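The structure appears below as structure tokens.
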Number of protein chains: 2
Amino acid sequence: MVRIMAEPSGTARDPEAVSRFVEHFAAQLVEAGMQRMPARVFGALLASDAGALTSAQLGEQLQISPAAVSGAVRYLAQVHMVSREREPGSRRERYRVHGDQWYEALTNREAVIKRWEDALREGVTSLGADTPAGRRLAETLAFFEFVEKEVEAMMERWRVHREKRFGQ
Amino acid sequence: MVRIMAEPSGTARDPEAVSRFVEHFAAQLVEAGMQRMPARVFGALLASDAGALTSAQLGEQLQISPAAVSGAVRYLAQVHMVSREREPGSRRERYRVHGDQWYEALTNREAVIKRWEDALREGVTSLGADTPAGRRLAETLAFFEFVEKEVEAMMERWRVHREKRFGQ
DNA sequence: CCTTAACTTCACAAATTTCTGAAAGAAGCG
DNA sequence: CGCTTCTTTCAGAAATTTGTGAAGTTAAGG
């Protein structure tokens, strides 16, 4: 049970409360399809005061190996949910949740949607646009195209809403 | 290689084209987090002319056991992506994609969102609304609440859009 | 009622995924 | 340049998930 004094900040936070949140939140992400380690790492970052942690801190807090941290972080960076930064003049890397950047990523299932659309388009042509099945696929495709446009507009509105509510 | 003459309809469909679509589409769903069997079953239903298939037909087309069909269908029904119907006077059950009903369900990640929100709310109070971490969680929570409202409005607009484009 | 057709549940084998320890690979610092 | 500190990669052990066969359950039809 070693505690790392990582942040120079004064107020000690209740590590148990943090852990409870992290695990609970991660469990929801897992249920929604995310892998366990990425989910936990992401939770830990969200719940950190600085919004960023080093690899060692993550390993310590979550009781996982450096290898596990590495894998989780690679995934999270790939889907743009965290960014990596190197403190200049150190081999230590920090991983950060970028305030806004990340829920942009959450909605950036766009890549996913695009591939659904491709599959559907292919289906429409190969089954025939004039068959009942083809028509069903076409309608589904139309739905996704609709959603894609709408989500974009929604994020625009969110940025405005956010500005008003949280300043900055 | 046995073909079932299931639909009384005349035009034979190319089973290979259907299969190609089903597997491709299912693969995308899997990548997005859905289990393989539910994804394949759902694909098969989407690609069927009647929009409905019996358990036996699904097993035949996808080359899976009745048990697998049962499990997949149970899941799909639970999340309202298909509905089950019994042809009156028969033990045979049919599973159907309900045209509209199902993408309502897709957006009905609402249940999921609700639980994310709960976890976040808990986090805000337990970490303290006045801490940096607490503020970050609160903002994230606000985002989800925003999305929830927006999605509802979006679906309303879709119904209108759909009506215009596909009649009925 | 009894038979039989259909669906479901359950225990287990197989396949897949997940995480680790160990070794290899970068990059600051002397 | 070599040493040291951190991160990544890789092979494999452990755990989990997935799909099956077989037994169990339900309900139609004689």
Side-chain angles (χ1 to χ4, degrees), chain A residues 2 4-6 19 22-23 26-45 52-79 82-96, chain B residues 2 4-6 19 22-23 26-45 52-79 82-96:
Chain A
V2 183
I4 296 187
M5 287 303 155
S19 177
V22 169
E23 298 305 330
Q28 307 309 335
L29 293 182
V30 167
E31 196 155 342
M34 189 183 288
Q35 291 164 332
R36 182 182 314 282
M37 284 295 143
R40 297 181 71 209
V41 166
F42 186 70
L45 287 172
L53 295 171
T54 66
S55 180
Q57 291 174 313
L58 285 167
E60 165 67 19
Q61 185 181 332
L62 301 175
Q63 293 293 332
I64 58 180
S65 71
V69 174
S70 175
V73 151
R74 170 159 39 130
Y75 171 80
L76 290 171
Q78 213 151 34
V79 299
V82 313
S83 51
R84 346 165 64 113
E85 36 183 76
R86 201 115 195 187
E87 348 187 19
S90 162
R91 286 127 265 171
R92 236 174 209 132
E93 221 154 55
R94 320 191 109 220
Y95 307 107
R96 152 160 282 130
Chain B
V2 183
I4 295 189
M5 287 303 156
S19 177
V22 170
E23 299 305 331
Q28 309 308 337
L29 293 182
V30 167
E31 196 156 341
M34 188 182 289
Q35 292 164 332
R36 182 183 314 282
M37 283 296 144
R40 295 181 71 209
V41 166
F42 185 70
L45 287 172
L53 295 170
T54 66
S55 179
Q57 291 175 312
L58 285 166
E60 165 68 18
Q61 184 180 334
L62 301 174
Q63 293 293 331
I64 58 180
S65 70
V69 174
S70 176
V73 151
R74 170 159 40 131
Y75 171 81
L76 290 171
Q78 212 151 34
V79 299
V82 312
S83 50
R84 345 164 65 112
E85 37 183 76
R86 200 114 195 190
E87 346 187 21
S90 161
R91 286 129 265 174
R92 237 174 208 130
E93 221 155 55
R94 320 191 109 220
Y95 308 106
R96 152 160 282 130

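So that the names make sense, note that chain A is the first sequence line, chain B the second, and so on, each numbered from 1. Everything numeric in this text was worked out from a predicted model, so none of it was measured. For the numbers below, each heavy atom of this structure counts, side chains included, while hydrogens, waters and symmetry mates do not.
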Restricting to nitrogen or oxygen on both sides, can you table the protein-nucleotides 19-29 of chain C pairs closer than 3.5 Å?
from   : atom 1 : to    : atom 2 : distance (Å)
C:dT20 : OP2    : A:S65 : N      : 3.2
C:dT20 : OP2    : A:S65 : OG     : 3.0
C:dC29 : OP1    : A:G89 : O      : 3.0

For atom [atom1] of [X] and atom [atom2] of [N], their distance in whole Å:
X     : N      : atom1 : atom2 : answer
A:E87 : D:dT7  : CD    : C1'   : 14 Å
A:L58 : D:dC6  : CG    : C1'   : 14 Å
B:L62 : D:dT18 : CG    : P     : 17 Å
B:R94 : C:dA5  : CZ    : P     : 20 Å
B:E60 : C:dA6  : CD    : P     : 14 Å
B:R74 : D:dT25 : CZ    : P     : 16 Å
B:Y75 : D:dT17 : OH    : P     : 14 Å
A:E85 : D:dC6  : CD    : C1'   : 16 Å

task = Quick one: label B:R84 by what it contacts on the DNA or RNA (base, sugar-phosphate, nothing), any heavy atom closer than 4.0 Å.
result =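 Touches sugar-phosphate only.
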ask   = So which heavy atom on A:R40 is nearest to which on A:V22, and how close?
value =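 Closest heavy-atom pair between A:R40 and A:V22: O-CG1, 3.6 Å.
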key: Heavy-atom closest contact (B:V30 atom, B:A39 atom, distance)   =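 That would be CG2-CB, 4.0 Å.
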request  = Quantify the bending of the helix from C:dC1-D:dG30 to C:dG30-D:dC1 as the angle between its end axes, each fitted on five pairs, to 10°.
outcome  =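 End-to-end axis angle: 20°.
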Within this structure, what is the [atom1]-[atom2] distance for the pair [X] and [Y], rounded to the nearest 0.5 Å?
X     : Y     : atom1 : atom2 : value
B:Y95 : B:S83 : OH    : OG    : 11.0 Å
A:S19 : A:Q63 : OG    : CD    : 9.5 Å
B:Q35 : B:L29 : CD    : CG    : 12.0 Å
B:R96 : B:L76 : CZ    : CG    : 15.0 Å
A:T54 : A:E85 : OG1   : CD    : 11.5 Å

ask   = Do the charged groups of B:R86 and B:E93 touch, with an N to O distance under 4.0 Å?
value =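 Salt bridge: yes.
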inquiry  = Starting the side chain at C-beta, find the nucleotide from D:dT7, D:dT8, C:dC7 nearest to A:S70.
reply    =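 Nearest to the side chain of A:S70 among the choices is D:dT8.
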ask   = Can you check whether A:L58's main-chain N or O pairs, donor with acceptor, with A:Q61's side chain at less than 3.5 Å?
value =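 Looks like no, no N/O pair under 3.5 Å.
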